[in-house]
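Since the structure comes first, as structure tokens, the remarks are kept for the end.
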Number of protein chains: 2
Amino acid sequence: MSTHGHPAGRAASGHPLAELTARLRRGERKVTGPRQAILDLLRRSQHPLTRKQVFARLRAGDCDLATVYRSMQVLEEMGIVKRYDFGDGVGRFELVAEGEDGHHHHLICTRCSQVVELDGCFLADLEGRIAERNGFRDISHRLEFFGICPTCQTTVAPAARPPASAGD
Amino acid sequence: MSTHGHPAGRAASGHPLAELTARLRRGERKVTGPRQAILDLLRRSQHPLTRKQVFARLRAGDCDLATVYRSMQVLEEMGIVKRYDFGDGVGRFELVAEGEDGHHHHLICTRCSQVVELDGCFLADLEGRIAERNGFRDISHRLEFFGICPTCQTTVAPAARPPASAGD
DNA sequence: CTGGTTGCAAACAATTTGCAACCCA
DNA sequence: TGGGTTGCAAATTGTTTGCAACCAG
């Protein structure tokens, strides 16, 4: 497990659109225009997108905002996308590779909102220990890192805030 | 560092109301009725509360909902409370002991929303490694654990959902 | 064909803001 | 007394839902 850089098989061209739509069909769902547009958009994105960002990047008329909401919900239920929370109360969605659970973490710049994908997870043992000590089962976790990226370190501090807009 | 049970000096009677209001004064803020009511409420709570929960538990007329929003913001800016996100998009607030940063994690039951406070943090070294490899500075993180608590394990599964209402 | 989907608008919910009255310092 | 605070209401913003028209299978 590496703890830096872009992941190997995730994001970008790693998901042919055809494979994604096939997953929809297999799940008894229809392959519609809006869904293809959304999947194609996520497919070409390296990092998680908010629903508003997805809507904004769609060509006007491609899909209604309400449909983006409904689609993300369906895709999440089917395990095709996974939702991440960067602590600002806005859900962000990322494609999950076929057959995987998509679990990984991010390093987010609190100045410019740049996102670094961190491969793998390093908390398996800790998680097990915590589950045991507290008698919990089916344990999981959410973990994200925040900091100032190299670029922003050389810049005069703008409006230091938790991650939010920047990419919109 | 322990990884279980209720923390030693946090929560509950650990914060005399007088100490809290003193912190307000020191921060050039006024000690008002609503603020005292909110602080007293947080003081007696073992776990983080949402703004709506705070409002609901106040005696009617003690404070307006808009004031709860404004107060939590002031208290957060002053470092008197810290916000936690349990992944459901709802901010939860917990008092921070004088002079501390309040950093710790939670173990949340996804069935009944019970919260276990986990003392201390075990990611210092990992955090440093990640910062170094990616050239980030002022790094921090958010980490929460989820699972099924002992009680809910013996119960017929209700509406398994991410943590949300339950305590409202 | 036909039921899952979508667009559109209305309904809800959560959070913010304007402003005059109020009250702590 | 004066400026930070508050209550109340209206304005925003984010998310969900009802329903008739539509279209993928």
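- Under the 4.5 Å side-chain heavy-atom criterion for grouping Ile, Leu, Val, Met, Phe, Trp and Tyr, A/V90 is not connected to A/L143 through any hydrophobic cluster.
- Taking the centre and axis of the six-membered ring of B/F146, the NZ or CZ atom of A/R142 falls inside the cone set by 45° and 6.0 Å.
- For A/R26 and A/E98, the salt-bridge test passes: some basic side-chain N is under 4.0 Å from an acidic carboxylate O.
- When the C1' atom of C/dA14 is taken as reference, atom CZ of B/F55 falls 13 Å away, rounded to whole Å.
- Outside the 6.0 Å centre-distance limit, the rings of B/H106 and B/F145 are not counted as a close aromatic pair.
- Two residues are said to be in side-chain contact when any heavy atoms from C-beta on lie closer than 4.5 Å; B/M72 and B/L42 meet this criterion.
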Measure all distances between protein nitrogen or oxygen atoms and nitrogen or oxygen atoms of nucleotides 23-25 of chain D, and list the pairs falling under 3.5 Å.
residue, atom, partner, partner atom, Å
D/dA24, N3, A/K30, NZ, 3.3
D/dG25, OP1, A/R25, NE, 3.1

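- Following rounding to the nearest Å, B/D85 (CG) and C/dA14 (P) show an atom-to-atom distance of 16 Å.
- For the pair B/E28 CD and D/dG2 C1', the interatomic distance rounds to 15 Å; values are reported in whole Å.
- One interatomic measurement links the two molecules: CD of B/Q36 to P of C/dC23, which rounds to 14 Å at whole-angstrom precision.
- In this structure, A/H47 has its ring center no closer than 6.0 Å to that of A/F93.
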For this session: I would like to know whether A/Q36 and A/L39 meet side-chain contact (heavy atoms from CB on, under 4.5 Å); could you show each step before the answer?
Result: CA-CA 5 Å; A/Q36 289 186 65; A/L39 286 172; 5.8 Å; no
Exercise. How does protein reach along nucleotides 7-20 of chain D, written 5' to 3' as B (base within reach of a heavy atom under 4.0 Å), S (only sugar-phosphate), or - (no contact)?
Worked result: BB-----SSBBB--
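- A donor and an acceptor atom, one from each side chain of B/H105 and A/H141, are nowhere located under 3.5 Å apart.
- Here the C1' atom of nucleotide D/dT5 and the CG atom of B/L24 are 12 Å apart, to the nearest Å.
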